[in-house]
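This one's a predicted model, so the numbers in the text were calculated from it and none came from an experiment. The sequence lines fix the lettering, A, B, ..., with proteins before strands; numbering per chain opens at 1.
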2 protein chains.
Amino acid sequence: MSQVPPKRPLTLRDVSEASGVSEMTVSRVLRNRGDVSIATREKVQAAAKSLGYVPNKIAGALASQRVNLVAVIIPSMSNMVFPEVMTGISQHLENTDLQPVIGITDYLPEKEEAVLYEMLSWRPSGVIIAGVEHTDSARAMMANAGIPIVEIMDVDGLAVDSMVGISHRRAGRKMAEAILKYGYRSIGFMGTQMPLDHRARKRFEGFTEALAKGGIEIADREFYSGGSALAKGREMTQAMLERSPDLDFIYFSNDMIGAGGLLWLLEQGIDVPGQIGLAGFNGVDLIDGLPKRLATMDACRKDIGQMAAQIVADRWTEGAVQDPVSHVLTPKLSLGDTLKRK
Amino acid sequence: MSQVPPKRPLTLRDVSEASGVSEMTVSRVLRNRGDVSIATREKVQAAAKSLGYVPNKIAGALASQRVNLVAVIIPSMSNMVFPEVMTGISQHLENTDLQPVIGITDYLPEKEEAVLYEMLSWRPSGVIIAGVEHTDSARAMMANAGIPIVEIMDVDGLAVDSMVGISHRRAGRKMAEAILKYGYRSIGFMGTQMPLDHRARKRFEGFTEALAKGGIEIADREFYSGGSALAKGREMTQAMLERSPDLDFIYFSNDMIGAGGLLWLLEQGIDVPGQIGLAGFNGVDLIDGLPKRLATMDACRKDIGQMAAQIVADRWTEGAVQDPVSHVLTPKLSLGDTLKRK
DNA sequence: CTGAAAGCGCTAACAA
DNA sequence: TTGTTAGCGCTTTCAG
């Protein structure tokens with residue numbers, strides 16, 4: 001039933017001519033809007049299908065001033081964490097006409113600003129953006145965009161509009177408190193270089209703060225950037241224990257380097273968590289299946305994605321300008337098998 | 001320097017009025033097109049900046065019939081493989097004015113069709129799509145879109161237009177040949193349920209085919225879906241060895257379940273690769289840092305992304321309709337530490 | 001170097 | 001239930 005391949009993309013007019021129905025009515029059929037008789041509806045659908053017509057949303061968006069796109073701006077795709085947030089967002093948006101569009105910042109503020117500018121120029125119906133730290137210019141763009149803006153993952157800061165996340169400072173504190181409670185005293189920290197990863201930095205700050213409150217200071221620390229997290233965890237754990245053999249706990253800034261550390265310790269026949277305890281952060285499924293379950297704290301990634309999407313979707317359907325919303329979620333601590341010593 | 005937050009997004013006209021320069025000239029300045037005197041240029045830039053003007057690409061695209069977007073359609077983001085392809089694509093496109101936009105299909109043909117339709121309705125400048133299996137309708141849409149279409153990852157099939165990837169059937173064969181060459185004879189296979197993952201299926205087919213040529217039949221096999229790949233690898237390896245204790249090799253359809261299997265075997269004190277050899281597929285960095293390096297085959301993910309992006313970018317800049325291109329890459333086998341027995 | 005006019009393909013609003 | 005008329009905010013084209 002298909003036609004000759006067209007050079008010029010088909011337009012409504014083509015469908016209109018092929019079906020003998022006005023452009024306007026064709027448009028109504030194709031969008032399922034307004035009342036159209038079954039007869040014409042079918043005629044139009046048949047014509048559109050046999051021609052292989054694909055609507056032009058650019059023109060549609062310009063005319064209707066509505067764009068069914070939600071800009072999602074995240075630092076990276078290879079971090080494990082963000083795909084899960086995306087899953088939550090997609091899941092919620094599937095019930096709506098909205099579609100997520102992803103932009104990547106590589107943790108760079110200037111790139112974030114550029115990506116935001118680029119995405120706003122498509123006039124999306126909302127923005128979901130990771131973190132609360134942005135350039136002044138980015139902040140201004142968001143404040144002036146006239147669309148819902150949801151800052152996610154982190155609530156330690158001021159939101160432009162709405163906000164869904166956890167307090168990483170508190171997460172760090174809670175982990176420190178658990179570690180102290182279980183009697184560990186000589187504690188090392190290992191994580192990514194943090195100038196750009198604000199959430200990791202806040203966890204670290206909360207962590208040291210709570211330790212200080214317990215009269216303890218970090219016994220050793222090391223930061224890395226680049227490379228396989230698993231391999232880094234392995235190497236750095238070895239190096240740190242050679243340097244500071246008295247450590248009885250290591251707090252890793254994410255589960256993957258924690259997994260690397262865990263594997264190395266087990267290989268050495270070191271008793272975990274008896275001789276040394278371990279904890280990571282995120283609660284990623286990916287490492288289910290290690291010899292021992294790493295203690296960790298769930299960052300509520302999927303929930304965050306869903307709730308953020310919901311805020312945007314609600315404003316989209318209800319149309320009205322609504323008040324900013326803030327949801328502060330509480331991460332759950334899992335002791336796993338590596339934070340148990342009493 | 002910033003103004004009162006506008007309800008209505010700003011238009012070129014606003015900048016025109018604020019700067020006392022015609023809309024047309026403002027447009028030229030903002031796009032860096034045509035000759036504009038330095039004086040007016042600066043006047044316009046100042047006005048645009050102080051107002052916080054963000055161009056409307058929807059209108060721009062409609063007027064110019066040019067959209068700087070490339071549709072990238074992949075099955076999943078949580079597969080590790082696809083983020084890496086994306087990295088390759090992004091890297092190449094960063095040198096151009098093009099921007100990738102991602103669509104996810106969840107390995108469902110109907111969803112792929114829907115996503116493709118949605119994306120084509122934004123009139124992108126090209127499509128990069130995983131795999132060569134598509135519904136007839138999807139294939140027709142691509143053939144009629146009048147833009148470069150690059151099917152990636154897999155070259156075992158007919159392309160609509162261009163194609164960049166590896167032969168998974170050949171990859172399976174090569175792995176089988178290596179395994180036989182090293183003297184393994186009782187071989188198990190473990191992988192994802194494959195009706196929808198054509199690439200995994202083709203590897204499996206190539207694998208069994210090459211074994212058959214060597215007079216060997218798969219001794220055991222098992223397929224899974226869902227769950228943490230690492231955990232599945234662990235459980236299924238245990239189950240398979242209880243069922244078929246004579247196995248001397250297991251070929252896993254991806255590195256993550258292979259890693260799970262490896263960890264379990266090492267915990268049991270089983271000699272790898274002496275008593276049993278292992279291999280995975282993909283060559284993901286993620287598992288660098290395991291106690292032993294898993295034998296695997298690199299799927300050339302980043303290269304594939306870069307080459308695909310290049311095909312689209314070339315046509316974008318050179319304008320002219322060009323001939324379809326096919327690049328067949330050759331995956332490299334790594335023996336690692338788990339495929340060595342002689 | 002700058003400006004005016006005429007659309008791009010569609011949909012809101014109104015008329016029939 | 002269907003059709004007509006004006007744009008949406010830009011850029012192309014052509015004229016100064």
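- Residue Tyr53(B) places at least one side-chain N or O closer than 4.0 Å to OP1 or OP2 of dC10(D).
- Partner of Leu116(B) under the side chain to side chain contact (heavy atoms under 4.5 Å, CB included) criterion, chosen from Thr135(B), Ile149(B), Ile73(B), Thr105(B): Ile73(B).
- Residue Gln65(B) places no side-chain N or O under 4.0 Å from the OP1 or OP2 atom of dC10(D).
- Proximity of residues 33-47 of chain A to DNA chain C (heavy atom under 4.0 angstrom from any strand atom) is not detected for any residue.
- Taking atom CZ on Arg123(A) and atom P on dG9(D), their separation rounds to 9 Å, with Å as the unit.
- Of the residues in residues 11-28 of chain B, those with a non-hydrogen atom less than 4.0 angstrom from any atom of DNA chain C are Val21(B), Ser22(B), Met24(B), Thr25(B), Arg28(B).
- Taking 4.0 Å as the cut-off between side-chain N and carboxylate O, Asp154(A) and Arg199(A) do not count as a salt-bridged pair.
- Neither OP1 nor OP2 of dG9(D) sits under 4.0 Å from any side-chain N or O of Arg8(B).
- Of the possible polar contacts, none joining the Ser16(A) side chain to the Leu12(A) backbone as a donor-acceptor pair under 3.5 Å is found.
- Put simply, chain B comes within 4.0 Å of DNA chain C, heavy atom to any atom, from dC1(C) to dG9(C), going 5' to 3'.
- Comparing the end axes of the helix from dC1(C)-dG16(D) to dA16(C)-dT1(D), each fitted to five base pairs by superposing C1' atoms of four pairs onto the next four, gives an inter-axis angle of 30° (nearest 10 degrees).
- Taking atom CG on Leu62(A) and atom P on dC10(D), their separation rounds to 9 Å, with Å as the unit.
- Applying the 6.0 Å contact sphere to CZ of Arg31(B) captures more than 12 heavy atoms from other residues, nucleotides or ligands.
- To the nearest 0.5 Å, the span separating CH2 on Trp122(B) from OH on Tyr117(B) amounts to 13.5 Å.
- Using modelled atom types, no side-chain atom of Asp161(B) and backbone atom of Val150(B) make a donor-acceptor pair closer than 3.5 Å.
- Evaluation of the side chain to side chain donor-acceptor pair (under 3.5 Å) rule for His327(A) yields no partner, not counting sequence neighbours.
- The closest donor-acceptor contact from the side chain of Asp314(A) to the backbone of Ile311(A) lies at 3.5 Å or more, if one exists at all.
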What pairs of donor and acceptor atoms, side-chain ones from residues 39-46 of chain A against any protein atom, are under 3.5 angstrom apart with sequence neighbours left out?
| residue | atom | partner | partner atom | Å |
| --- | --- | --- | --- | --- |
| Thr40(A) | OG1 | Ser37(A) | O | 3.0 |
| Thr40(A) | OG1 | Ser37(A) | OG | 2.7 |
| Arg41(A) | NH2 | Val36(A) | O | 3.4 |

